[in-house]
Amino acid sequence: MRTSPELRRKLISVAVVSAALLTAAPASVAVAQESAPRPAAVPAAQTEAAPGAPAERLIVGYRSGAAEAKSNKAAAADAETKAEKTGEDVDFQRRLGTGAALVELGTNPTRTSVADVVAQYEADPQVAYVVPDRLNKPTAVTPNDTDYSKQWDLFESTAGMNVPAAWDTTTGSGVTVAVIDTGYVTHSDLAANIVGGYDFISDTAVSVDGNGRDSNPADPGDWYNADECGQGIPASGSSWHGTHVAGTIAAATNNGKGVAGIAYGAKISPVRVLGKCGGYDSDIIDAITWASGGTVSGVPANTNVAKVINMSLGGGGACSTATQSAITGAVNRGTSVVVAAGNENQNVSNSSPANCNNVISVAATNRAGSRASYSNYGSLVDISAPGGETRTSTANGILSTLNSGTKTPSSENYAYYQGTSMATPHVAGLAALLKSANSALTPAQIESAIKANARALPGTCSGGCGAGLADAAKTVQAVKGGTSTGTTFSSTTAVAVPDNGAAIESPISVTGRSGNAPSALQVGVDITHTYRGDLVIDLVAPDGSTYRLKSAASDSADDVKTTYTVNASSESANGTWKLRVQDTAAQDTGTLNSWKLTF
């Protein structure tokens with residue numbers, strides 16, 4: 001616990017369906033003249049609503065002289081006739097604006113049954129055409145933003161986040177992301193997606209703008225002189241950090257300029273907490289509360305409540321009870337909190353708020369898909385995302401919106417930065433896409449989906465990089481149109497964890513599964529403990545194999561309430577799984593309240 005306030009250091013581094021005919025076996029030579037000829041094969045294009053999916057409705061165009069072309073009654077009677085001849089359900093639904101008839105084929109039609117109905121309509125001389133009522137989807141195209149080709153982090157197959165394919169489903173519309181950072185400096189490639197925010201900096205020495213809290217989150221610059229922010233710390237120009245972060249999340253896209261945003265249909269609420277030399281916990285706590293729809297004394301109610309919070313900031317030490325309380329409140333109000341793991345190349349257990357419970361802690365990867373040399377790591381990291389690494393080339397960083405001013409705002413521009421600060425908005429943008437695709441998702445389900453659908457890092461990671469590299473398209477597809485999928489087995493029997501004693505075990509019996517466990521098995525843990533750094537936590541598979549979830553560490557924060565991801569693909573899914581917990585040091589006790597496995 002700290003006994004005096006410390007300034008937070010910001011983390012800067014700156015359908016085409018094939019029209020080929022279905023293969024039909026050659027007809028035998030007729031031996032009796034009364035044998036009926038085989039109907040011609042129906043092209044696949046006339047039986048499918050989408051590749052591989054049989055059509056459930058057909059559009060029938062009648063010739064102009066046919067009674068069915070003008071009379072709904074006649075079209076309905078014709079549908080009944082086709083039903084009698086094929087034995088299938090065929091029902092007239094309505095007349096289209098072109099005069100064609102829409103007919104429905106009943107529930108669960110097969111390609112064969114659709115082909116039979118289509119063949120009957122095609123054989124009718126009064127029918128001009130019959131086609132499936134095809135299902136159309138938005139088409140992913142390469143954005144026309146002039147610098148999109150430089151955004152390897154979005155699209156490159158090696159270590160990009162597979163974002164463009166997610167845009168087929170969602171662009172983040174309807175979701176507001178609060179960027180709790182340095183504020184926002186005006187940029188034309190971002191302005192259309194900016195909504196009201198707030199300036200929470202109460203100390204005028206930090207705020208630079210000459211006043212305390214107000215409704216103007218404009219970034220006046222966060223430059224400082226040598227030694228001004230601590231002995232030996234060199235001078236620094238203004239970073240425009242919050243604007244760079246915001247551009248990665250929601251820069252205007254397909255506007256013929258600049259860069260593309262990951263969730264370019266979302267809105268950004270700039271919430272200013274970082275100024276000269278950083279920002280205080282107290283301001284950040286109020287910002288988290290307000291951004292997520294909570295009440296802060298003296299501050300007007302938020303009319304742009306965020307469902308995602310991005311915090312590309314942090315400092316040393318354990319997660320304080322005060323900060324944890326604000327985060328817990330935000331998550332309970334339905335807001336996902338995404339936090340940078342930190343840039344100190346150390347265990348994230350020493351970096352707050354990334355080591356708090358109920359956050360999505362993000363490590364950074366480079367263009368090769370390895371953990372970036374600066375990125376923090378460890379068992380508390382949830383996911384990795386592109387953060388860039390500019391040692392070999394500036395172009396290997398993350399390009400986003402910025403300003404050219406060295407101290408105060410000047411002309412807008414774009415620049416490459418590197419850092420977990422840059423990785424975090426990738427995941428915040430993904431969270432916005434998920435919430436837009438399925439508004440019913442809770443923060444826990446969003447975190448679980450991101451981790452369950454990550455892919456293995458294409459490069460290397462020492463120390464722990466979470467579930468892997470976030471995959472936008474795969475994750476969006478997994479949650480589209482429903483809640484996060486998976487079968488959960490749980491234990492709610494509380495087990496005491498003795499002080500500096502023998503390990504305790506809690507079993508869960510898994511039945512009804514087939515094959516092996518998944519490569520992204522979700523292990524949800526709820527442990528109350530007064531010094532979680534004492535705890536060692538293992539998952540024990542049915543065959544006795546163990547998977548270390550958490551090691552002992554210098555972490556004085558309370559409790560372990562999080563979800564771990566385990567590659568258990570070599571283990572049989574069915575059987576008795578156990579969670580093993582041991583307190584390895586004196587003076588603190590706890591309780592395993594519950595745990596669960598989600599397959």
Side-chain angles (χ1 to χ4, degrees), residues 153-154 161-163 165-167 169-181 193 245-251 261-269 271 288 291-293 304-312 327 330-341 353-354 356-364 381-387 420-454 466-480 482-484 522 562-563 565:
D153 47 307
L154 303 191
M161 215 176 74
N162 196 16
V163 174
W167 292 332
T169 302
T170 175
T171 62
S173 60
V175 179
T176 296
V177 181
V179 175
I180 298 180
D181 212 292
N193 285 335
V245 167
T248 296
I249 298 170
I262 290 170
Y264 61 83
K267 300 299 182 183
I268 297 292
S269 174
V271 184
I288 295 169
S292 59
N304 297 294
V305 175
K307 288 304 178 183
V308 182
I309 286 174
N310 187 103
M311 291 201 292
S312 292
I327 290 170
V331 171
N332 288 343
R333 285 186 286 271
T335 299
S336 296
V337 182
V338 187
V339 183
C356 294
N357 291 324
N358 297 324
V359 303
I360 303 175
S361 181
V362 186
V381 169
D382 293 303
I383 195 71
S384 294
T420 55
S421 279
M422 284 60 256
T424 304
H426 284 76
V427 177
L430 173 53
L433 293 177
L434 299 179
K435 189 68 175 177
S436 178
N438 183 352
S439 61
L441 291 175
T442 65
Q445 289 172 328
I446 287 173
E447 178 180 348
S448 179
I450 290 172
K451 294 195 290 191
N453 292 284
L469 183 64
D471 187 310
K474 183 180 178 183
T475 310
V476 166
Q477 185 61 37
V479 306
K480 183 185 67 173
T483 57
S484 186
Q522 303 295 291
T562 190
T563 300
T565 302

Quick one: pull up OG1 in T170 and CG in L430 and give me the separation to the nearest 0.5 Å. 10.0 Å
What I'd like to find out is whether the side chain of V177 reaches to under 4.5 Å of the side chain of I309, using heavy atoms alone. no
Over all heavy atoms of both residues, which pair between I268 and A246 is shortest? Give the atoms and the distance, please. CG2-CB, 4.0 Å
Looking at S421, is its backbone amide N or carbonyl O close enough to the side chain of S312 to form a donor-acceptor pair, meaning the two atoms are under 3.5 Å apart? yes
Of the non-hydrogen atoms in N193 and A266, which two are nearest, and what is the gap between them? CG-O, 3.4 Å
Starting at CG of N358, measure out to CG of N332 and round the result to the nearest 0.5 Å. 7.5 Å
T176 vs K307 side-chain heavy atoms within contact, under 4.5 Å: no
Heavy-atom side-chain contact between N304 and K267 under 4.5 Å: no
Kindly determine whether M311 and I288 satisfy side chain to side chain contact (heavy atoms under 4.5 Å, CB included), including the steps that lead there. CA-CA 9 Å; M311 291 201 292; I288 295 169; 3.7 Å; yes
Nearest heavy-atom contact between I249 and G429 is CG2-CA, 4.2 Å
Roughly how far apart are Q445 CD and T563 OG1, rounded to 0.5 Å? 11.0 Å
Over all heavy atoms of both residues, which pair between I327 and P353 is shortest? Give the atoms and the distance, please. CD1-CB, 4.2 Å
A428 to N310 - nearest heavy-atom pair and separation: CB-OD1, 3.4 Å
Taking C-beta and beyond as the side chain, do L469 and P386 meet within less than 4.5 Å on heavy atoms? yes
Set out, in order, the CA-CA distance, both residues' side-chain angles and the distance that settles side chain to side chain contact (heavy atoms under 4.5 Å, CB included) for V245 and T424, then state yes or no. CA-CA 8 Å; V245 167; T424 304; over 6 Å; no
Pair S361-D382, side chain to side chain contact (heavy atoms under 4.5 Å, CB included): steps then yes or no: CA-CA 5 Å; S361 181; D382 293 303; 3.7 Å; yes
Taking side chain to side chain contact (heavy atoms under 4.5 Å, CB included) as the definition, give me every residue that meets it alongside K474, ordered by chain and number, with sequence neighbours left out. N453, D471
Determine the minimum heavy-atom distance between G468 and A454, stating which atoms define it. C-CB, 4.1 Å
Let's go through T248 and I262 carefully: what are the C-alpha distance in whole Å and the side-chain angles of both, what is the deciding distance for side chain to side chain contact (heavy atoms under 4.5 Å, CB included) to 0.1 Å, and is it a yes or a no? CA-CA 6 Å; T248 296; I262 290 170; 4.0 Å; yes
Between K435 and G172 (side chain of the first, backbone of the second, donor and acceptor by atom type, cut-off under 3.5 Å), is there such a pair? no
